[in-house]
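Structure below; questions to follow.
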Amino acid sequence: MKIKIIALGKIKEKFLKDGTDEFLKRLTPYAAVEILELSPIEIKDENLIEKVLDEEGEKILSHIKPQSYVITLEIQGRQLSSEEFAEKIEDLTNEGLSELVFVIGSSCGLSKNVSARANFKLSMSKMTFLHQFARLLLVEQIYRAFKIIKGETYHK
């Protein structure tokens, strides 16, 4: 299965980039994982947030195939344990899914259109994280999921 992570913005902090790169490397035996970084649109007027989210949403949706399974990271999404997340990925793999797409929005969130396109809405926590940190957490949890699926010892 191919996994694509669509994220708005680049990782600026070296320690987060190093951590993300480490887990991407560890994921190599399990899945092809690609991170697509899109440029967020600067919001100069708080009254334009919805318009900006819609523009960002169009960019995001242009990189999603109609047959892709989409998981958006959203505050109001469903929280899963690591085991439940692994089960979700395993079920999708067993269904013959060819591409799984995770979407991490900008600091203002996601457009309604992107949220509506989601097959599943995931919340990583009730806490709020930097978007770059959320990316590191996501790739670590994807790695952990594959270790759980394979019955390997990483998950303790």
Side-chain angles (χ1 to χ4, degrees), residues 1-82 84-86 88-89 92 97-147 154:
M1 173 191 340
K2 180 180 179 190
I3 297 175
K4 182 190 297 185
I5 300 170
I6 300 174
L8 286 156
K10 293 189 178 291
I11 293 181
K12 296 172 184 149
E13 292 84 2
K14 184 180 179 337
F15 74 97
L16 290 174
K17 179 152 181 36
D18 290 347
T20 301
D21 289 344
E22 175 62 28
F23 284 108
L24 288 173
K25 184 176 80 175
R26 291 183 188 190
L27 272 162
T28 305
Y30 305 103
V33 181
E34 166 195 4
I35 295 181
L36 177 61
E37 294 178 328
L38 302 177
S39 298
I41 300 169
E42 184 180 347
I43 298 174
K44 296 179 181 180
D45 181 346
E46 293 295 316
N47 296 319
L48 299 176
I49 290 175
E50 286 296 318
K51 182 176 187 270
V52 168
L53 287 177
D54 288 343
E55 289 176 31
E56 288 176 344
E58 287 177 28
K59 286 198 296 188
I60 290 167
L61 292 172
S62 73
H63 294 280
I64 298 174
K65 297 174 188 166
Q67 69 274 18
S68 297
Y69 190 94
V70 177
I71 297 178
T72 52
L73 274 63
E74 300 189 37
I75 294 168
Q76 299 303 321
R78 186 166 161 220
Q79 293 182 22
L80 301 175
S81 68
S82 294
E84 291 168 330
F85 184 62
K88 180 86 175 159
I89 289 177
L92 293 171
L97 182 73
S98 61
E99 184 176 65
L100 173 58
V101 178
F102 290 92
V103 179
I104 303 172
S106 67
S107 60
C108 291
L110 292 168
S111 75
K112 291 176 184 166
N113 289 338
V114 173
S115 183
R117 172 60 180 88
N119 299 94
F120 187 85
K121 297 171 187 180
L122 176 68
S123 171
M124 298 190 84
S125 171
K126 290 182 180 181
M127 297 176 145
T128 302
F129 301 110
L130 294 170
H131 286 74
Q132 293 101 353
F133 194 67
R135 195 178 317 178
L136 172 60
L137 290 174
L138 177 61
V139 294
E140 190 278 337
Q141 284 299 300
I142 294 169
Y143 174 70
R144 183 179 297 273
F146 279 104
K147 296 297 267 186
Y154 178 78

*Side chain of Asn113, backbone of Gly57: donor and acceptor closer than 3.5 Å?*
no
*Give the minimum heavy-atom separation between Ser123 and Ile75, together with the two atoms involved.*
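Result for this residue pair: OG-O, 3.5 Å.
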*Taking atom NZ of Lys10 as the centre, report whether more than 12 heavy atoms of other residues, nucleotides or ligands fall under 6.0 Å from it.*
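Not more than 12 within 6.0 Å, no.
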*Any donor-acceptor pair under 3.5 Å linking the side chain of Ser115 with the backbone of Ser111?*
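Flag not set: sc Ser115 to bb Ser111 has no pair under 3.5 Å.
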*asked:* Counting C-beta onward and ignoring hydrogens, is there a side-chain heavy-atom pair between Ile71 and Val103 closer than 4.5 Å?
replied: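 No - every pair of side-chain heavy atoms lies 4.5 Å or more apart.
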*Dump the intermediate steps for side chain to side chain contact (heavy atoms under 4.5 Å, CB included) on Tyr69 and Val101, then the final yes or no.*
CA-CA 6 Å; Tyr69 190 94; Val101 178; over 6 Å; no
_salt bridge (charged side-chain N to carboxylate O under 4.0 Å, His left out) partners of residues 17-30, not counting sequence neighbours, each pair once_ = Lys14-Asp18, Lys17-Asp21, Glu22-Lys25, Glu22-Arg26
_Could you measure the distance from the CD1 atom of Ile89 to the OH atom of Tyr30? Nearest 0.5 Å is fine._
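Output value for this atom pair is 13.0 Å.
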*Measure from the side-chain N and O atoms of Glu56 to the backbone N and O of Ser106, and report whether any donor-acceptor pair falls under 3.5 Å.*
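A pair under 3.5 Å: no.
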*asked:* Within this structure, what is the CZ-CG distance for the pair Phe85 and Leu138, rounded to the nearest 0.5 Å?
replied: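 One finds 5.5 Å between CZ of Phe85 and CG of Leu138.
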*side-chain hydrogen bond (donor to acceptor under 3.5 Å, both in side chains) partners of Gln79, counting only residues at least two apart*: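 With neighbours one apart ignored, the set is empty.
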_salt bridge (charged side-chain N to carboxylate O under 4.0 Å, His left out): pairs with one or both residues in residues 113-136, sequence neighbours excluded_ =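 Of all non-adjacent pairs touching residues 113-136, those that pass salt bridge (charged side-chain N to carboxylate O under 4.0 Å, His left out) are Glu37-Arg135.
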_Rounded to the nearest 0.5 Å, what separates atom CG in Leu8 from atom CD1 in Ile104?_
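Interatomic distance, Leu8 CG to Ile104 CD1, rounded to 0.5 Å: 9.5 Å.
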*Can you name the one residue among Leu36, Leu100, Leu73, Val33 that meets side chain to side chain contact (heavy atoms under 4.5 Å, CB included) with Ile5?*
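For Ile5, the side chain to side chain contact (heavy atoms under 4.5 Å, CB included) test succeeds with only one of Leu36, Leu100, Leu73, Val33, which is Val33.
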*Any chance you could measure Leu24, atom CG, to Glu34, atom CD, to the nearest 0.5 Å?*
10.5 Å
*Among pairs that include at least one residue of residues 62-78, which meet salt bridge (charged side-chain N to carboxylate O under 4.0 Å, His left out), considering only residues two or more places apart or in two chains?*
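Sorted pair list comes back empty.
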*N-O pairing of Glu84 and Lys88 below 4.0 Å*: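 No.
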_Gln67, CD: over 12 other non-hydrogen atoms inside 6.0 angstrom_ =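 Enclosed: over 12 neighbouring heavy atoms sit under 6.0 Å from CD of Gln67.
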*Applying side-chain hydrogen bond (donor to acceptor under 3.5 Å, both in side chains), name anything that partners Lys59, two or more places apart in sequence or on another chain.*
none
*After noting the C-alpha distance and the side-chain angles of Leu80 and Leu122, does the key distance pass the side chain to side chain contact (heavy atoms under 4.5 Å, CB included) rule?*
CA-CA 8 Å; Leu80 301 175; Leu122 176 68; 4.0 Å; yes
_For the OG1 atom of Thr20 and the CZ atom of Phe15, what is their distance to the nearest 0.5 Å?_
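It is 9.5 Å, given to the nearest 0.5 Å.
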*Supply the atom-to-atom distance Ile6 CD1 to Phe102 CZ, rounded to the nearest 0.5 angstrom.*
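Here the rounded value is 11.5 Å.
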*Stepwise side chain to side chain contact (heavy atoms under 4.5 Å, CB included) check, Ile49 with Val52*: CA-CA 5 Å; Ile49 290 175; Val52 168; 5.8 Å; no
*How would you list, by chain and number, every residue that makes a side-chain hydrogen bond (donor to acceptor under 3.5 Å, both in side chains) with Gln141, sequence neighbours excluded?*
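Ser82.
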*For the residue pair Ile3 and Ala31, what are the closest heavy atoms and their distance?*
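Closest heavy-atom pair between Ile3 and Ala31: CD1-CB, 4.0 Å.
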